[in-house]
Amino acid sequence: MFASIATTAALSLLAAGTVSAASDPLLIENVTLVSPELAQPLGNRHVLIRDGRIAVVSATPIAAPPDTRRLDGAGKFLTPGLTDAHVHVSDAIGLTPNDPSLAQLEQDFFEQQPRSYLYFGVTQVLDTANRPDRVALFAAQPQHPDIHRCGVAPVVDGYPLVFIDKTLRHEIFKDWIFEPANANAHPLPQGANAADHTPEAVVARIAASGALCVKIALEDGFGEQTDWPIMSAATLKRVRAAATKHGLKLLAHANALDMQRMAVAGNVDMVIHGIWNWNELAQAEGIPPAVDAHLRNVRDRKIGYQATLRVLPGVMDLLDPTLLDDPTFAKVVPPRLLAWYRTEAAQWFRKQIFPPDFDGAAHLARLRAADSRWATSEHGKRALRHLYELGQPLLLGSDTPSAPTYGNQPGYETLKEMRMMADIGIPLQAIFAAGTINNARSLGLERDYGTIERGKIANLVLLDANPLASVDAWTKIDKVILRGEPIERETLAAGR
Ligand SMILES: [Zn+2]
């Protein structure tokens with residue numbers, strides 16, 4: 001799956017915040033602004049964009065220079081573009097690993113992927129674990145969201161290395177940390193130099209690669225498994241200090257109560273999964289006291305929290321025989337790839353994780369009732385709702401794709417994450433803030449993104465419906481404005 005890794009040096013070229021060559025100014029007239037800094041939408045506004053940034057926002061008409069392009073915003077809503085702060089652009093979704101016969105489908109996927117994000121109004125993404133060459137490929141496409149990335153710092157033999165062949169894992173993820181507390185069972189790999197794999201050395205390399213953040217994983221195993229090695233508190237403390245020194249955010253993968261507690265104790269900036277593994281505390285409804293206490297801690301210490309509600313449903317969706325009939329798939333999946341998803345060969349991941357008798361819609365219903373993975377999803381929803389009620393500013397991250405499941409598609413998954421938030425009663429205003437200003441702030445990018453204010457990068461969305469009235473407004477996008485360049489939504493669809 002991670003066959004070849006290019007040098008990270010090229011990545012400094014990708015540091016977003018640079019604005020492409022100047023083009024003629026763009027004036028959007030008579031539009032209704034919907035933006036998180038506004039208590040309510042403001043009608044009849046005028047927005048002038050110059051050199052890829054917002055130059056003027058005005059309640060009165062703007063006298064623009066003669067070369068200005070004009071866009072009539074009457075009857076339309078202008079919002080900041082969404083940030084999806086948890087994506088993985090390295091994976092050609094659903095393809096069988098290491099199958100050279102699928103190279104064309106892979107190419108189709110990587111050409112369409114950035115456009116699919118834009119198709120749903122996602123104009124910024126944060127890739128939290130990646131192959132630098134694939135991030136570069138994403139940024140090399142003619143139309144793409146601004147992409148920011150974390151460097152991944154796993155411990156020796158820890159998650160996510162556990163899924164990679166033992167002889168290759170420490171070559172593929174080069175920025176691993178040697179954890180002295182695990183040295184007996186997980187010694188320094190042959191030929192490695194311990195000095196290159198201290199928290200300080202690893203974080204310094206990640207900073208030099210142009211990354212915005214360091215991602216660690218506090219994961220001792222999925223399901224019943226609990227024997228994967230994790231970072232000690234002492235090492236986490238050093239990672240925290242090094243990240244602070246280099247101005248990097250520290251993000252932690254953690255979805256179980258004990259693991260999230262370690263993340264909080266280690267003062268990470270953000271946990272990038274919801275807390276859903278608390279089966280041992282399960283109760284029919286409500287929040288167990290221990291989970292409540294933890295979520296209050298998250299709030300009080302101002303730690304960002306991505307719920308990633310779609311992780312488990314996105315896998316379960318593979319059991320839905322009507323999934324690929326959803327007409328939106330044809331908008332975000334290239335035609336040849338969509339045809340391949342319907343083949344027997346494409347069912348490899350489903351067969352790997354579900355017993356064969358769990359196939360089909362009837363079994364899906366049964367599974368929803370009986371399978372603990374589905375129960376954990378319900379826990380995640382309850383926890384998010386509770387955290388919202390505690391007053392935590394929410395974040396938006398879809399974790400696309402969370403696994404090799406074609407149930408997760410770029411951009412569409414971001415919308416589905418917002419829909420799930422709405423379904424559990426999170427107000428649309430809070431969801432909108434999550435995907436705009438809150439995400440920008442949590443990544444230290446609020447000078448560039450998150451509101452419609454002078455000086456910000458002109459990554460905007462022009463919609464025919466108000467996203468504060470319905471999440472489905474994000475399916476009624478007219479144009480996406482990328483660094484001041486308007487793009488008709490339908491030209492971003494797959495197969496065009
Ligand atoms: Zn992820």
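Just so it is clear, the structure is predicted and the values come from calculations on it, not from any experiment. Counting starts at 1 for both ligands and their atoms, in listed order.
In this pair, Phe120 and Tyr412 present their aromatic rings parallel. The plane angle is below 30°, not in the 30 to 60° band.
Between Phe222 and Tyr159, a ring centre-to-centre spacing shorter than 6.0 Å is recorded. Residues Trp228 and Phe163 bring their aromatic ring centres within 6.0 Å.
Within His88, the N/O/S atom positioned nearest the Zn ion (ligand 1) carries the name NE2. The Zn ion (ligand 1) is closest to atom OD1 of Asp399 (considering only N, O or S atoms).
Of the N and O atoms on the side chains of Ser398 and Glu413, not one donor lies less than 3.5 Å from an acceptor on the other residue.
In summary, His273 places no N/O/S atom under 2.8 Å from the Zn ion (ligand 1), failing the contact criterion.
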